[in-house]
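What follows is a short report on a single structure.
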Amino acid sequence: MAYQRSLVLLAFGVACFGHADDRFASSVVGYSNLGSGIYGSPEATLGKPTTWIKDAQNGGTDQKIATSLIYGAWNTAPDGSALITTIKTGGYLTVKFDNPITNDASHWYGMDFIVFGNSFFSGSTGAKWNSNMENVTIASSGVAAEPTTASVSPDGVNWYTYSTPTADNLWPTQALTWDSTAHTWGAESDWTKPVDPSLTASSLTGKTVADAIGLYAGSAGGTAFDVGVSGFSNIRYIRFNGSGGEIDGISRVSSVPEPSAFAALGIGALALIRKRKTSKGDLK
């Protein structure tokens, strides 16, 4: 519960005083062999991942399109700023969090951080800025991905490299929820909540994008990692080794709210089930 209170206070501080958002990576500490042009800015991986993209596919100059299950981040933001960073084969990118990411059993599904890339599912029709996601279906369980290896370190010296999962893979970013009453985009999704690991890509096949978004249960997607498997109790550095994939952002995972936390916020009690980890970080 203390962590929920700290998130509320942090959000208040950001809104009022413009402080850095502790949910996301805050600095780049090293890189090499990145992409060219708008895909070569390492700072594009810092802060919140992509919500809106300048729509360069529908002939409009002022349109914007939301990052979704069927439309991965690319091009630029509506203001022209860079969104994602390509890490070419043989290259790398290392980012740092100001405050450590801990291996914590209270985190959603036992995961501790999430990496967002620009993978996507194929839709039955191409996404446009005004597409009704109730009329577009996910065509297959195959995801357009460029698997990218991640490593973690508490000190920038000692490293652990994950063989699995890989970034820029499952799950595609879903920046916004879907408002089925207004038939348009709704509130922003939760960047600190992973997709339920019991969900499979095949379970989305043939469903409307709106229904698939519902299965995300408020999560913004991304590949979730468990710090526990590394043997470290906490980490601050995350490094990506390139194979042509893209990184859009990195977030820490929040704790599953206690029912009392909802009551304190005036939202009402909600029963949630926590997953627990073994000492090595495996889910029970």
Between [X] and [Y], is any pair of side-chain heavy atoms under 4.5 Å apart?
X	Y	answer
E146	N118	yes
M133	W185	yes
V136	I70	yes
P42	L93	yes
F240	T45	no
D21	K48	no
S254	W108	yes
I250	W191	no

Main chain of [Y], side chain of [X]: is a donor-acceptor contact present, judged purely on distance under 3.5 Å?
X	Y	answer
R23	S251	no
K193	A217	yes
N33	T89	yes
S41	I38	no
Y39	N75	yes
T173	G221	no
R252	N99	yes
Y71	G126	no
S119	N169	yes
S230	T161	no

Where do [X] and [Y] come nearest, in terms of heavy atoms and distance?
X	Y	answer
G110	D226	O-OD1, 3.5 Å
A224	P165	O-CG, 3.6 Å
Y162	V229	CE2-CG2, 3.3 Å
K128	S131	N-OG, 2.7 Å
I101	F113	CD1-CB, 3.9 Å
A167	V115	CB-CG1, 3.6 Å

Find the distance between [atom1] ([X]) and [atom2] ([Y]) and round it off to the nearest 0.5 Å.
X	Y	atom1	atom2	value
H183	N130	NE2	CG	14.0 Å
D104	S233	CG	OG	11.0 Å
S151	I238	OG	CD1	10.0 Å
F121	L69	CZ	CG	6.5 Å
T166	F225	OG1	CZ	7.0 Å
S27	L46	OG	CG	7.0 Å

Distance-only polar pair, side chains of [X] and [Y], donor-acceptor under 3.5 Å:
X	Y	result
T50	D248	yes
D98	S26	yes
S202	S141	no
D112	H107	yes
Q174	W171	no
W178	E134	yes

List the steps and the verdict of side chain to side chain contact (heavy atoms under 4.5 Å, CB included) for T223 and L170. CA-CA 6 Å; T223 303; L170 287 174; 5.5 Å; no
Run the side chain to side chain contact (heavy atoms under 4.5 Å, CB included) check on I53 and L83 step by step: do they pass? CA-CA 8 Å; I53 305 162; L83 293 177; 4.0 Å; yes
Hey, which of I138, N135, T137 is the one that makes side-chain contact (heavy atoms from CB on, under 4.5 Å) with V209? I138
Quick check: are there more than 12 heavy atoms from other residues, nucleotides or ligands sitting under 6.0 Å from CZ of F24?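 Correct, the count exceeds 12.
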Pair T149, Y92 - check side chain to side chain contact (heavy atoms under 4.5 Å, CB included), show working. CA-CA 10 Å; T149 301; Y92 79 96; over 6 Å; no
Starting from the C-alpha separation in whole Å, work towards a yes-or-no answer on ring pair (Phe, Tyr, Trp, His ring centres under 6.0 Å) for F232 and Y160. CA-CA 9 Å; F232 302 130; Y160 172 83; 7.3 Å; no
Using the side chain to side chain contact (heavy atoms under 4.5 Å, CB included) rule, take N103 and N234 through it: C-alpha gap first, then chi angles, then the decisive distance, then the call. CA-CA 6 Å; N103 175 44; N234 62 78; over 6 Å; no
Give a yes or no on whether V28 and I247 share a hydrophobic cluster (residues Ile, Leu, Val, Met, Phe, Trp, Tyr; joining criterion: side-chain heavy atoms under 4.5 Å apart). yes
